[in-house]
Amino acid sequence: METRQSDIWRQTLEADEDLASEVSLNNSNMTEEEREEILQEMTKLEEEISTLKQVLLSKEKQHAELKQKLGITPLSEFRNNFSRGWQDMQSSTAYKKTSETLSTAGQKTSAAFSNFGSAITRKFGDMRNSPSFRSFEEKVENTVSTIKTKVGGTGTGGSFEEVLSSAANASSQETPTNNLTDISEKPC
């Protein structure tokens, strides 16, 4: 890997030297000595950069080995970073304001639905106690009683719910009639 890096650096150095020679052609105020001095300084800096990169790679490798010895995996690091980020976000002012706003909105919505449900319940109670509903209920009870009497059931009334329940039972017990005639009765 180091050989490849040094090849890359050598190519970069050659490209820089070409660029520097082009600049010196454009900059006629620079002497040959100044040019050599600058090239030497550049070479020295590039060597230092290369050395620093090698030191950095060595330190990163050492860092990874120490993490491995401690049992710190990339997944656990991700989890810790995510957890830390989540805690930071929750402690932010924007999150707190948004959370408070949503909580207040939820409470108001809950209260509105509760009031709506109470109003609907009250309206159904008012409707059930209204004279027109009472009249309708009596007509249904009378009709069911009449049907029960004709079908063979008892003619006793009862509450609206009982009448509806018995009417549903009576209709489910009905059997269809057989309209087929005997084959012997058919003319040939």
Side-chain angles (χ1 to χ4, degrees), residues 1-27 29-30 34-130 132-133 136-137 159-162 164-165 167-169 172:
M1 182 174 196
E2 290 180 23
T3 307
R4 186 171 182 208
Q5 284 181 343
S6 61
D7 288 342
I8 293 171
W9 285 110
R10 202 171 296 123
Q11 290 172 354
T12 305
L13 181 60
E14 290 170 2
D16 289 344
E17 287 175 357
D18 292 341
L19 183 62
S21 65
E22 288 177 21
V23 170
S24 71
L25 293 175
N26 294 334
N27 190 352
N29 295 338
M30 191 181 297
E34 290 173 334
R35 182 178 179 278
E36 285 298 319
E37 201 174 298
I38 290 173
L39 285 173
Q40 286 176 357
E41 188 176 340
M42 255 179 37
T43 304
K44 183 180 175 187
L45 284 173
E46 288 170 353
E47 288 173 359
E48 287 177 10
I49 290 170
S50 177
T51 304
L52 289 173
K53 284 186 177 188
Q54 290 173 358
V55 169
L56 179 62
L57 285 173
S58 171
K59 294 291 183 183
E60 286 176 342
K61 184 178 177 183
Q62 184 181 7
H63 183 252
E65 289 171 354
L66 291 174
K67 279 184 179 180
Q68 187 178 12
K69 285 181 182 179
L70 290 174
I72 299 172
T73 64
L75 180 61
S76 65
E77 274 188 286
F78 175 76
R79 241 187 268 136
N80 289 338
N81 289 341
F82 182 77
S83 179
R84 193 176 315 117
W86 180 250
Q87 289 172 350
D88 291 346
M89 185 186 73
Q90 285 181 326
S91 64
S92 72
T93 306
Y95 180 85
K96 288 178 181 177
K97 285 182 180 179
T98 303
S99 178
E100 289 171 5
T101 302
L102 290 176
S103 176
T104 303
Q107 290 170 355
K108 288 181 180 179
T109 303
S110 176
F113 277 123
S114 176
N115 289 339
F116 179 72
S118 298
I120 294 292
T121 302
R122 193 175 342 98
K123 285 292 181 187
F124 277 133
D126 292 348
M127 183 180 81
R128 188 153 191 211
N129 294 329
S130 72
S132 58
F133 188 81
F136 174 74
E137 186 177 27
S159 72
F160 183 65
E161 289 83 12
E162 290 172 353
L164 286 178
S165 176
N169 287 336
S172 68

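Separating the CG atom in Leu52 from the NZ atom in Lys59 is a distance of 12.0 Å, to the nearest 0.5 Å. Ile38 CD1 to Leu45 CG: the interatomic distance, rounded to the nearest 0.5 Å, is 11.5 Å.
A donor-acceptor pair is defined here as one N or O able to donate and one able to accept, closer than 3.5 Å; no such pair exists between the side chain of Ser58 and the backbone of Gln54. Distance alone, capped at 3.5 Å, places no donor-acceptor pair between the Ser110 side chain and the Gly106 backbone. Side-chain atoms of Ser103 do not come within 3.5 Å of backbone N or O of Ser99 as any donor-acceptor pair.
Within 6.0 Å of atom CD in Gln68, 12 or fewer heavy atoms from other residues, nucleotides or ligands are found, so the atom counts as exposed in its surroundings. Remark: Glu41 CD is loosely packed, at most 12 non-hydrogen atoms of other residues, nucleotides or ligands lying under 6.0 Å away.
Between Glu65 and Lys61 there is a side-chain heavy-atom pair separated by less than 4.5 Å. For the pair Glu60 and Leu56, the minimum side-chain heavy-atom distance is below 4.5 Å. Between Glu46 and Ser50, every side-chain heavy-atom pair lies at or beyond the 4.5 Å cut-off.
Residues forming a side-chain contact (heavy atoms from CB on, under 4.5 Å) with Met89 (at least two apart in sequence, or on another chain): Trp86, Tyr95. Listed by chain and residue number, Lys67 satisfy the side chain to side chain donor-acceptor pair (under 3.5 Å) test with Glu77 (two or more places apart in sequence, or in another chain).
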Evaluate the criterion side chain to side chain contact (heavy atoms under 4.5 Å, CB included) for residue pair Ser83 and Gln87; output intermediate values, then yes/no. CA-CA 6 Å; Ser83 179; Gln87 289 172 350; 4.0 Å; yes

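Listed here is the closest heavy atom pair of Asn29 and Glu34: O-OE1, 3.9 Å.
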